[in-house]
Number of protein chains: 2
Amino acid sequence: MPTMPRNRQDVDREAKVAEIREAAVRILRDGGHPALSHSAVAKELGLARTAVYWYFPAKDDLFVAALAEVYAADLGTPPAGDDVMARLRWAVERLTALQPLTHALHERARHSEAAARLEAALQESMCSRLRALLSPRVPAERLDRVTTTIIVFVEGLLTQPRTTSDRLDLLEFLVTELT
Amino acid sequence: MPTMPRNRQDVDREAKVAEIREAAVRILRDGGHPALSHSAVAKELGLARTAVYWYFPAKDDLFVAALAEVYAADLGTPPAGDDVMARLRWAVERLTALQPLTHALHERARHSEAAARLEAALQESMCSRLRALLSPRVPAERLDRVTTTIIVFVEGLLTQPRTTSDRLDLLEFLVTELT
DNA sequence: ACCTGAACACCGTTCAAGT
DNA sequence: ACCTGAACACCGTTCAAGT
């Protein structure tokens, strides 16, 4: 959770950071990781190319901050209910749209600590949600492995050039086999 | 299969192409996709930065040609025998080492026809090999889905930051469940 | 503390000019 | 046909200088 701003200066800075982050989000949603640059953000905000470095000292910082926003917006509120397949369908659909960005995150995680942290957080969040959903349906001693297997499978599904219905068929097959 | 060179000129050109490709392979193995550039190759061969464009008119062409070589060398000759888990272990091990490159290929496949073709060829080759290996062990009406499920799962395994033994445990669990 | 503009060493690509 | 060198519009990053 973010620390409370102590004074007016912190408020101003937070506002500026947010403004830059939102611009980065727009660029990222539009043109993906290759389109994101300090220059592109600066252009959107009418700043000098190098001004953005004051708030985000490296491209990875910009990227991770923007992508965290995107994840929160697109994956933050899953639909209600405890229908496992419905929830998985929702997740696969959302993650498919975000796949190039998640892909870029994984690539950057090899070089950037911040990227590695965001990737781990996403992973952890998806795992714990799915585990909660599966726990009434899967015996306790199998729960961890079944959960991980499905998550890994979904990860694999996303990297593949398949139609959505193809993806969902395969996913249903796997879930049926495991539960 | 490559067409026969018709004359001395074609032979010379093929030799030069091969020389450039091998330099690209070295650079790729060493520093991955980010390190590969026409400039880097030219430097290795003592050419002008732009000379390489005569043979490989875009970075994607250079990348795909080099990566195809890498795949052929590293995945071309699987170990003999029909032990499914042994073969899967071998494949996972090899693919893990190549994962950043395969990753970059997938990224480029969105923009480059050549990259998309190489990605599809790799996929097809892995699928057909695994299907052949599984066919004596899996009923015919399940063979396609089981094969695809395992391939997709392996794909997912590779994108994850896991230890090799962790990967193999999960893979063994899945294979046992499905066969 | 925040922002600018110049600078550095790259990148991918194009092109006119040479042999 | 093959290669060079100049050029273009970028990139990420650093830094001295201003307010």
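Labels below follow one simple rule: chain letters A, B, ... track the order of the sequence lines, proteins then strands, and each chain is numbered from 1.
One can place CZ of A/F56 at 16 Å from C1' of C/dC3, the figure rounded to the nearest angstrom. Put simply, CZ on A/F63 is 16 Å from C1' on D/dC11, counting in whole angstrom units. Between B/L47 atom CG and D/dC2 atom P there is a gap of 13 Å when expressed in whole angstrom units. Taking atom NE2 of residue A/H38 and atom P of nucleotide C/dC3, one finds them 13 Å apart after rounding to whole Å. If you take OH of A/Y55 and C1' of C/dC3, they are 8 Å apart, rounded to a whole angstrom. The separation between A/D61 atom CG and D/dG12 atom C1' is 12 Å, rounded to whole Å. The distance between atom CG of A/D12 and atom P of C/dC3, rounded to the nearest whole Å, is 10 Å. Rounded to whole angstrom, the span from the CD atom of A/E14 across to the C1' atom of C/dC2 amounts to 16 Å.
Each of D/dT13, C/dC3, C/dT13 was ranked by its minimum atom distance to the side chain of A/K59; first place goes to D/dT13. Comparing C/dC2, C/dG12, D/dC2 by their nearest atom to the side chain of B/R13 picks out D/dC2. Picking from C/dA1, D/dG12, D/dA1 the nucleotide with the shortest atom distance to the side chain of B/W54 gives D/dA1.
Among the atoms of the strands shown, base atoms are found under 4.0 Å from some heavy atom of A/Y53. Using a 4.0 Å heavy-atom criterion, one finds that A/L45 contacts no nucleic acid atom at all. Among the atoms of the strands shown, none is found under 4.0 Å from any heavy atom of A/L62.
The aromatic rings of A/Y53 and A/H38 sit parallel, their planes meeting at an angle under 30°, below the 60° perpendicular limit.
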Enumerate all atom pairs, one protein N or O and one N or O from nucleotides 5-8 of chain D, separated by less than 3.5 Å.
from	atom 1	to	atom 2	distance (Å)
D/dG5	N7	B/T50	OG1	3.4
D/dG5	O6	B/T50	OG1	2.7

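Note that CG of A/L168 is 6.0 Å distant from CE of A/M85, once rounded to the nearest 0.5 Å. Note: B/L158 CG to B/L98 CG = 9.5 Å, rounded to the nearest 0.5 Å. Here OG of A/S135 is found 11.0 Å from CG of A/D144. Values are rounded to the nearest 0.5 Å. To the nearest 0.5 angstrom, B/I20 atom CD1 is 11.5 Å from B/E44 atom CD.
Base pairing in DNA chain C yields stems of at least 3 consecutive Watson-Crick or G-U pairs, both distances under 3.5 Å, namely C:4-8 with D:12-16, C:12-16 with D:4-8.
Here the side chains of B/L122 and B/L75 are in contact, with some heavy-atom distance below 4.5 Å. A/R129 has its side chain within reach of A/R87: a pair of non-hydrogen atoms, C-beta onward, lies under 4.5 Å apart.
Comment: B/R21 does not engage B/D61 in a salt bridge, judged by the lack of any side-chain N to carboxylate O separation of less than 4.0 angstrom. A salt bridge is defined here as a Lys NZ or Arg NE, NH1 or NH2 lying under 4.0 Å from an Asp or Glu carboxylate O, and B/R26 with B/E69 fails to meet this definition. Using a 4.0 Å cut-off between charged nitrogen and carboxylate oxygen, B/D60 and B/R108 count as a salt-bridge pair.
The side chain of A/K16 places no N or O atom within less than 4.0 Å of a non-bridging phosphate oxygen (OP1 or OP2) of C/dA1.
Taking for each of B/G46 and A/H33 the nucleotide of DNA chain D with the nearest heavy atom, the 5'-most of the two is the partner of B/G46.
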